[in-house]
Amino acid sequence: MYHWMTQAEIQRFLAHLRREERSPGTLAKYRRDLLAFAARLPQGGRVDKEQVLAWKEEMARRYAPSTVNSMIAALNGFFAFQGWHGCRVKALRQQREIFREKARELDKGEYLALLAAARRRGSQRLYHDADPGATGIRVSELVFVTVGCGCRPGAGAL
């Protein structure tokens with residue numbers, strides 16, 4: 001079955017997301033993804049499952065799986081809003097990486113040099129931010145880390 005994706009329908013969907021109190025960043029991303037998909041459609045904006053699958057394959061060749069999956073989420077949200085359930089596609093399967101690639105790891109010498117540089121600068125915060133590096137903590141989680149570790153007094157001082 002064919003459907004037609006128009007600018008007016010995209011705007012209607014974005015207005016719905018605004019009413020659902022989605023963040024401005026989400027709205028901008030969905031708008032960008034929907035318009036990029038619509039630009040690839042044949043004249044008139046005709047959409048069917050085969051076109052969506054071809055687009056998904058093309059995006060999978062160009063982008064990381066997490067990026068493609070975020071684009072698919074935008075399209076699937078639009079299709080569900082429109083009631084075009086037959087156009088929805090599954091997200092790409094992603095294998096979780098337990099360990100990071102070797103090229104992105106610091107070797108022991110680099111790690112110790114980083115700690116020494118923090119110590120030389122007198123930056124206790126930088127020193128302790130770098131210290132949990134081997135634990136796999138995310139950079140975004142560092143704001144929740146405090147210098148006081150509950151150890152004996154002075155144990156964590158530089």
Side-chain angles (χ1 to χ4, degrees), residues 1-115 117-118 123 125-146:
M1 179 172 192
Y2 295 114
H3 304 283
W4 284 264
M5 188 174 190
T6 65
Q7 297 287 329
E9 294 300 325
I10 293 172
Q11 292 307 319
R12 201 167 70 87
F13 175 60
L14 294 172
H16 164 73
L17 293 178
R18 262 194 279 328
R19 286 190 301 275
E20 294 289 313
E21 300 182 33
R22 297 293 175 95
S23 75
T26 298
L27 293 171
K29 171 112 176 65
Y30 276 38
R31 181 179 186 281
R32 195 170 46 250
D33 292 342
L34 292 170
L35 291 176
F37 175 76
R40 300 177 113 56
L41 295 174
Q43 188 137 10
R46 190 185 77 206
V47 180
D48 63 24
K49 178 86 171 218
E50 288 72 33
Q51 289 171 319
V52 181
L53 289 170
W55 170 85
K56 176 182 167 182
E57 287 176 20
E58 181 183 342
M59 295 300 106
R61 286 191 300 270
R62 295 174 59 193
Y63 299 105
S66 59
T67 302
V68 176
N69 286 344
S70 72
M71 295 173 177
I72 289 171
L75 281 181
N76 282 343
F78 175 79
F79 296 151
F81 176 76
Q82 294 293 106
W84 304 350
H85 300 288
C87 291
R88 297 180 68 182
V89 294
K90 292 182 179 179
L92 297 176
R93 289 184 168 211
Q94 290 182 269
Q95 184 172 356
R96 261 188 96 197
E97 292 183 34
I98 298 173
F99 300 100
R100 81 175 60 240
E101 2 173 319
K102 284 285 187 197
R104 294 187 62 191
E105 289 182 0
L106 295 177
D107 64 30
K108 185 176 181 178
E110 292 168 327
Y111 178 68
L112 293 174
L114 177 64
L115 292 177
S123 174
R125 172 73 184 190
L126 177 59
Y127 181 86
H128 288 288
D129 283 353
D131 196 27
T135 67
I137 189 170
R138 293 182 181 96
V139 171
S140 62
E141 296 170 337
L142 287 174
V143 296
F144 302 109
V145 175
T146 60

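To the nearest 0.5 Å, atom CD of residue Q82 and atom CD1 of residue I10 are 9.0 Å apart. Taken from CZ in R12 to CZ in F78, the straight-line distance is 8.0 Å, to the nearest 0.5 Å. For the atom pair F13 CZ and E20 CD, the distance stands at 9.5 Å (nearest 0.5 Å).
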Q.
Under the criterion side chain to side chain contact (heavy atoms under 4.5 Å, CB included), I'd like the reasoning laid out for K56 against L92: C-alpha separation, chi angles, the key distance, then a yes or no.
A. CA-CA 9 Å; K56 176 182 167 182; L92 297 176; 3.5 Å; yes
Q: Please lay out, stage by stage, how L34 and F37 fare under the test side chain to side chain contact (heavy atoms under 4.5 Å, CB included).
A: CA-CA 5 Å; L34 292 170; F37 175 76; 5.8 Å; no
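Taking each heavy atom of I72 and A91 in turn, the nearest pair found is CD1-CA, 4.1 Å. Across all their heavy atoms, K29 and M71 have their closest contact at NZ-CG, 4.2 Å. The shortest heavy-atom contact between V47 and C87 is CG1-SG, 4.0 Å. The heavy-atom pair separating L35 from Q7 by the smallest distance is CD2-OE1, 3.3 Å.
When atom types are taken as modelled, the side chain of E57 and the backbone of A54 share no donor-acceptor pair closer than 3.5 angstrom.
Relative ring orientation between W84 and H3 is described as parallel, the plane-to-plane angle staying below 30° on a 0-90° scale split at 30° and 60°.
Two residues are said to be in side-chain contact when any heavy atoms from C-beta on lie closer than 4.5 Å; V89 and K49 meet this criterion. Side-chain contact check for L14 versus F81: every heavy-atom pair is 4.5 Å or farther apart.
Residue E110 qualifies as enclosed at atom CD: its count of foreign heavy atoms under 6.0 Å is above 12.
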